[in-house]
Amino acid sequence: MKDILTIIFRLTVACLLAGLVMGAAFIATNKAKKHNIHVNEQKVMLSLLGYSEKKPAPDSVAMHEMYRYLVGEGEELTMGYLLPLQDGTFSFVTIDLAGTFVAQTPVALVAEKATEEGERTQAVGAAIGADKLLRYADQTIVVTDNGKRMAYLLPGRFPGFKTFIGAMLALDQDFTIRGLEIMEHEEDPGLGAEIDQEYFKNQFKGKPLETVKKLEVKKTPLPEEYLKALEAGKSGLGAEEVARIQEQYQDDDIYALTGATISSSAVTNGVKAMVKKFAYRLAILDRVLAEQHIATPF
Amino acid sequence: MATDKTNLQLVVNGILNENPIFRLVLSMCPAVGISTTVMNGFMLGIAVLFVQVFSSCTISLFKNVIHPRIRIPTYTLTIATWVTVIDMVLAAYLPEAYARMGIFVKLIVAFAIITMRLEMFACKESVNASFWDGIGMGLGFMFGMMALGFVRELLGLGTVLGYDVLGFKPLLFFVLPFAGFFCVGLMMAFFNYVEIVYKRAKRA
């Protein structure tokens, strides 16, 4: 009996110690980690738009974040968009599933706090009333150049082989894919992990909406010249040559990675769903915004 | 019972006599699953090296207060703590390295080699000896993984460290997990053979 008590005591102390060490490490590193993730995201966004440190984005380019929520009221389900307005305030616009406008509520939110998920959701909840069910769905960044829409950035998550794959997708104003970046994944190294290689990601580049809508995975080997064009950085192919080959394969399906068909089709289907749904939702949102004369900066 | 080996002997022991993969036959899951390329083997080796050294030192430091009946849970707890801490520190201060290594660090918690070294060595020996044993085991594991990775990458993808050497892909079979078993078995046979030849030569 005494033995058991000592065992319990020692194991508890050991667990507490381990917890303390991990907690301390978490507190010490969390800020830096979040900062890194944020910096990385910004870098990825700019590189997808074609800017880099050497070629910074001009001042006329601005990014506007738009957050989509699901709002439940009893049995009714509506979609809510948290939009920035031209005068710097925020507004929450709800649209029902059939695409008709429901309500517009002003949200008391400071721009700096909009990026914090907790504070943002709280502010939205306060604005629409606490009795409604509110669930954060996703985020879209509308990029404008001199007030005109230039591109859309869609951060998204979709199921991969083992767990979720986080990706960032850049679309043109006519929904042609500008680029794809894999932000996080836990696919198998050497097989599924190849999804973050240039020759896979770049296959999505330049595919128009119509092609993306029926995009599939194809299990034939990647043609030699296409591979060279996809890995332009490595093979040293000229920009013109790359553009010509890219165009030639533009309407092709995605060539699957060898030994990782599931990961390949997971990314393909994920991208397909993201683009399709976004194009559909944006059309509805744009119509509502025009009908209700809601002035957004994009 | 303290070890009578010098620090250098402890390190060499981990790499050759008691190589975790080829002699102790421990941690076969990662050896088979991850050793598809030299770089993967190296990354996992580094991660194991750090966790092994930190865990060995911790256990050896606290060896007198660990109740013998809860050794294993305590070891697991120690390893898990170090893995989590290393994971968080890497993510915070070395984001570049983390982007490449993060996936490997998280795998380590369940590695048999680390628990086994804690049980066989660290809980009996001094902190100093445990430190060098940890280094030896880590290096031995890294060596084994890289050797396996070299063979599998060369025969499976035709590359070494990502550079195209052969210019074609001989057998994709070698990159797939089950080929890991064949490679481990064949290389184990090879190392045993080398040992026999060496011993014969020594006797003669």
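Here is how names work: the chains are called A, B, and so on, in the same order as the sequence lines, proteins then strands, and each is numbered from 1. Keep in mind that the numbers below use all heavy atoms, side chains included, and drop hydrogens, waters and symmetry copies.
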| Taking all atoms of both residues into account, what is the closest heavy-atom pair of N36(A) and A91(B), and its distance? | ND2-O, 3.0 Å
| message | Taking CZ in F158(A) as the centre, count heavy atoms belonging to other residues, nucleotides or ligands within less than 6.0 Å. Is the count above 12? | response | yes
| task | Measure distances from I7(A) to the heavy atoms of chain B and classify the residue's part below 4.5 Å as side chain, backbone, both or neither. | result | both
| request: Please state whether the side chain, the backbone, both or neither of E184(A) comes within less than 4.5 Å of a heavy atom of chain B. | output: neither
| In Å and rounded to the nearest 0.5 Å, what is the CG to CZ distance from D87(B) to F26(A)? | 11.5 Å
| request: For chain A, find which of Y98(B), W82(B), Y93(B) contributes the most heavy-atom pairs closer than 4.5 angstrom. | output: Y93(B)
| Flag if over 12 foreign heavy atoms under 6.0 Å of NZ, K218(A) | yes
| remark: Distance col, row T58(B):OG1 vs L17(A):CG, nearest 0.5 angstrom, shows 11.0 Å
Run the side-chain donor-acceptor check on residues 39-52 of chain B: report pairs under 3.5 Å with partners two or more places apart or on a different chain.
| from | atom 1 | to | atom 2 | distance (Å) |
| --- | --- | --- | --- | --- |
| N40(B) | ND2 | T36(B) | OG1 | 3.1 |
| N40(B) | ND2 | T37(B) | OG1 | 3.4 |
| Q52(B) | NE2 | S56(B) | OG | 3.1 |

| task | Please flag which part of I66(B) lies under 4.5 Å from any non-hydrogen atom of chain A: side chain, backbone, both or neither. | result | backbone
| request: Step through the shown structure and confirm whether more than 12 heavy atoms of other residues, nucleotides or ligands are within 6.0 Å of CG on L16(A). | output: yes
| query | Hey, what do you get for CG (L11(A)) to CZ (R69(B)), rounding to the nearest 0.5 Å? | reply | 12.0 Å
| said: When you compare the side chain of T74(B) with that of R10(A), does any pair of heavy atoms fall below 4.5 Å? | reply: no
| said: Looking at F178(B), I'd like to know if its CZ atom is crowded, meaning that more than 12 non-hydrogen atoms belonging to other residues, nucleotides or ligands lie closer than 6.0 Å. | reply: yes
| What do you reckon, is CZ of F161(A) surrounded by more than 12 foreign heavy atoms closer than 6.0 Å? | no
| message | How about NZ on K63(B), more than 12 heavy atoms from neighbouring residues, nucleotides or ligands closer than 6.0 Å, or not? | response | yes
| task | Find the one option among V89(B), T84(B), L77(B), T78(B) whose heavy-atom pairs under 4.5 Å with chain A are most numerous. | result | L77(B)
| query | Is the count of non-hydrogen atoms from other residues, nucleotides or ligands lying under 6.0 Å from Q42(A) atom CD greater than 12? | reply | yes
| request: Go through H67(B) and D3(A) one step at a time and tell me if the side-chain contact (heavy atoms from CB on, under 4.5 Å) criterion holds. | output: CA-CA 10 Å; H67(B) 195 283; D3(A) 215 23; 3.2 Å; yes
